[in-house]
Amino acid sequence: MQLQALPGFRDFFPADHTIRTHIFAAWRTVATRYGFEEYDGPPLEPLELYTAKSGEEIVGQLYSFEDKGGRQVSLRPEMTPTLARMVAARANGLRKPIRWFSIPQLFRYERQQRGRLREHFQLNCDLIGEPGPGADAEVIALAIDVMRALGLTAGDFKVRLSDRRILEALLRHRQQSDAQVAVWHQVLDKLARTPDAVSRQKLREAGVADADADAIMGLAQAKAWEPLAAPSLAAASASLLEVVRLLNVMGLGDYVEPDFTIVRGLAYYTGTVFELFDTRGELRAICGGGRYDSLVGAIGGADLPCVGFGMGDVVLGELLKDRGLLPSTDARLDVFVATVSEQDRADALALAHELRDAGLSVEYALAPQALNKQLKHADARGARCAVVIGPDDRARGEVQVKDLASHTQLAAKRTDAVGAVAALLAR
Ligand code: HAM
């Protein structure tokens with residue numbers, strides 16, 4: 001019998017789950033702040049949803065199989081095709097622009113490496129129905145604000161920004177064939193992770209002349225916006241420069257830098273493309289997205305312009321850990337209700353339920369236990385307060401309320417016990 005989780009799949013023990021909840025809470029809070037509504041779709045989809053439009057790389061990583069009804073199906077490796085299908089199905093009835101977000105668990109049979117697992121959760125935020133750069137700037141601002149909400153600054157991460165139309169103009173200008181354009185996409189997407197000689201070799205094999213390779217690589221690796229001023233690139237750059245201007249106006253200019261090697265691995269992007277990286281260059285991409293104006297049409301709906309991104313929980317969690325920004329994962333109990341004798345149990349149960357009704361997290365010993373053991377357990381569970389119920393106090397209509405942090409104690413009327421605990425917790 002296999003006793004461990006599959007390679008690349010995670011068990012979420014409570015401490016791990018606390019971190020996941022923390023990340024999801026920031027995702028939901030910020031997406032909601034931008035007016036985005038949450039949606040979801042099925043985790044299992046028809047295989048052709050991905051083979052049609054996602055691109056070779058992701059199709060090679062699918063968890064696909066034939067189901068018992070003879071259908072070719074796949075676990076979802078990304079959310080965007082599901083979103084496009086859902087929007088295409090109701091395109092006419094939905095008020096535009098559509099602002100939707102989702103937090104799906106996704107599955108890709110990846111080679112094991114730091115920051116890449118075979119399942120991950122991904123915040124997807126997509127803005128549908130607006131073709132202009134205002135929508136691109138809005139979703140990029142959302143991604144930046146998610147990072148800020150988690151305590152990260154412009155010193156920790158950057159948005160690397162480009163536009164596929166610029167690369168296309170550059171390649172057209174250099175008279176590259178469609179096959180060569182496809183090789184350029186692959187080479188640039190992997191440039192940072194590939195030895196230079198290997199990239200050059202791939203281009204040579206595709207028949208790209210060395211002089212063209214030098215010229216395009218030179219421009220692609222430029223770390224400033226200036227090259228976009230070239231007359232041959234002016235039309236293709238206008239939208240990207242407007243996105244940058246809008247982000248500057250929003251006060252987010254520090255978070256953004258040009259990177260013309262960003263093309264994105266997925267096949268459907270048509271315009272603005274971006275990825276978020278840690279500034280120390282230690283981790284894989286935290287987030288990736290861009291404009292994809294033809295996908296909804298290709299999946300069967302009317303042409304609808306879309307822009308959005310996916311942000312994974314794996315790399316983000318590593319970055320938060322590296323920067324000391326993870327929440328405490330200790331169990332946090334508000335109150336432990338302890339008893340001196342078994343005769344006190346009925347009163348303890350009644351009080352525990354009153355406290356829970358008041359919204360507090362409460363535990364008590366489920367079986368008879370010595371008082372000092374109960375108090376030790378209360379400490380171990382991180383309880384801030386213990387209420388001790390004993391025969392003498394009961395006879396007087398009282399309970400003892402202990403502050404487990406300051407080791408002080410006071411007697412409270414049994415009828416005021418909930419108020420006394422709330423007052424202690426508010427201190
Ligand atoms: P993607 O670049 O494939 O884009 O994934 C987005 C992010 O998900 C990555 O930057 C990374 O943080 C995380 N991620 C991807 N694969 C893995 C993995 N195997 N293990 C851990 N994390 C991973 C998309 O999926 C697009 N559909 C995003 C999008 C939405 N574009 C427009 N709207």
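Values below: every heavy atom of this structure, side chains too, minus hydrogens, waters and symmetry copies. Atoms within each ligand, like the ligands themselves, are counted from 1 in listed order.
- Nearest protein heavy-atom contact of atom 24 (C) of ligand 1 is Leu266 CD1, 3.4 Å.
- For Gly8, the closest heavy-atom approach to ligand 1 does not fall below 4.0 Å.
- Among protein heavy atoms, atom 18 (C) of ligand 1 sits closest to Arg116 CD, 3.4 Å.
- Checked by atom type, the side-chain pair Tyr268/Thr80 shows a donor-acceptor distance below 3.5 Å.
- Taking every heavy atom of Cys287 and a limit of under 4.0 angstrom, the matching atoms of ligand 1 come to 10 (O).
- For Arg284, no heavy-atom contact with ligand 1 is shorter than 4.0 Å.
- Near Gly288, meaning under 4.0 Å from one of its heavy atoms, ligand 1 places the atoms 10 (O), 28 (C).
- Checked against the 6.0 Å centroid threshold, Tyr109 and Tyr63 count as a close aromatic pair.
- Every residue meeting the ring-ring contact (aromatic ring centres under 6.0 Å, His included) condition with Trp27, not counting sequence neighbours, appears here in chain and number order: Phe24.
- Residue-ligand proximity, Gln122 to ligand 1, at heavy-atom distances under 4.0 Å covers atoms 5 (O), 6 (C), 7 (C), 8 (O), 25 (O).
- Only the side chain of Tyr292 comes within 4.0 Å of ligand 1, judged by heavy-atom distances.
- Against a heavy-atom cut-off of under 4.0 Å, Tyr269 is close to the following atoms of ligand 1: 26 (C), 28 (C), 29 (C), 31 (N), 32 (C).
- For Phe101 and Phe36, the distance between ring centers is not under 6.0 angstrom.
- Atoms of ligand 1 found under 4.0 Å from any heavy atom of Ile286, numbered from 1 in the order shown, are 10 (O), 12 (O).
- Geometrically, ligand 1 and Leu117 share a nitrogen or oxygen pair separated by less than 3.5 Å.
- Just one of Phe274, Phe277, Tyr255 meets the ring-ring contact (aromatic ring centres under 6.0 Å, His included) condition when paired with Phe157; it is Tyr255.
- Atom 28 (C) of ligand 1 has its closest protein heavy atom at Gly310 N, 3.4 Å.
- With 3.5 Å as the limit, one finds no donor-acceptor pair spanning the side chains of Glu45 and Ser74.
- Here atom 33 (N) of ligand 1 lies nearest to Asp126 when heavy atoms of Thr82, Asp126, Leu127, Asn124 are compared.
- By heavy-atom distance, the residue among Glu318, Gln112, His120 lying nearest atom 17 (C) of ligand 1 is His120.
- By the criterion of a heavy-atom distance under 4.0 Å, neither the backbone nor the side chain of Val307 is placed next to ligand 1.
- Proximity to Gly115 (heavy-atom distance under 4.0 Å) selects the following atoms of ligand 1: 20 (N), 21 (C), 22 (N).
- Note on ligand 1: Arg108 sits in its first shell, one or more heavy atoms being nearer than 4.0 Å.
- The existence of a salt bridge linking Asp379 and Lys376 is excluded, since no basic side-chain nitrogen approaches an acidic carboxylate oxygen closer than 4.0 Å.
- Under a 4.0 Å heavy-atom criterion, Glu275 is not in contact with ligand 1.
- The ligand atoms of ligand 1 that sit less than 4.0 angstrom from a heavy atom of Val314 are 21 (C).
- When non-hydrogen atoms are compared, ligand 1 lies under 4.0 Å from the side chain of Tyr268 (C-beta onward) but not from its backbone.
- Nearest protein heavy-atom contact of atom 4 (O) of ligand 1 is Arg264 NH2, 2.9 Å.
- Neither the backbone nor the side chain of Phe277 has a heavy atom within less than 4.0 Å of ligand 1.
- Side-chain polar atoms of Asp163 and Tyr269 form no donor-acceptor pair below 3.5 angstrom.
- Geometrically, Arg20 engages Phe12 in a cation-pi contact, judged by NZ or CZ lying under 6.0 Å from the ring centre and within 45° of the ring axis.
- Using a cutoff of 4.0 Å between basic side-chain nitrogens and carboxylate oxygens, Arg114 and Asp322 are scored as salt-bridged.
- Judged purely by distance below 3.5 Å, without hydrogens or angles, the side chains of Ser199 and Asp196 never pair a donor atom with an acceptor atom.
- Ranking the protein heavy atoms by distance from atom 11 (C) of ligand 1 puts Ala285 O, 3.6 Å first.
- Of the N and O atoms on the side chains of Arg118 and Gln112, not one donor lies less than 3.5 Å from an acceptor on the other residue.
- Among all heavy-atom pairs drawn from Gln369 and Ala365, the shortest one is OE1-CB, 3.7 Å.
- Between the side chains of Ser361 and Asp334, at least one donor N or O sits under 3.5 Å from an acceptor N or O.
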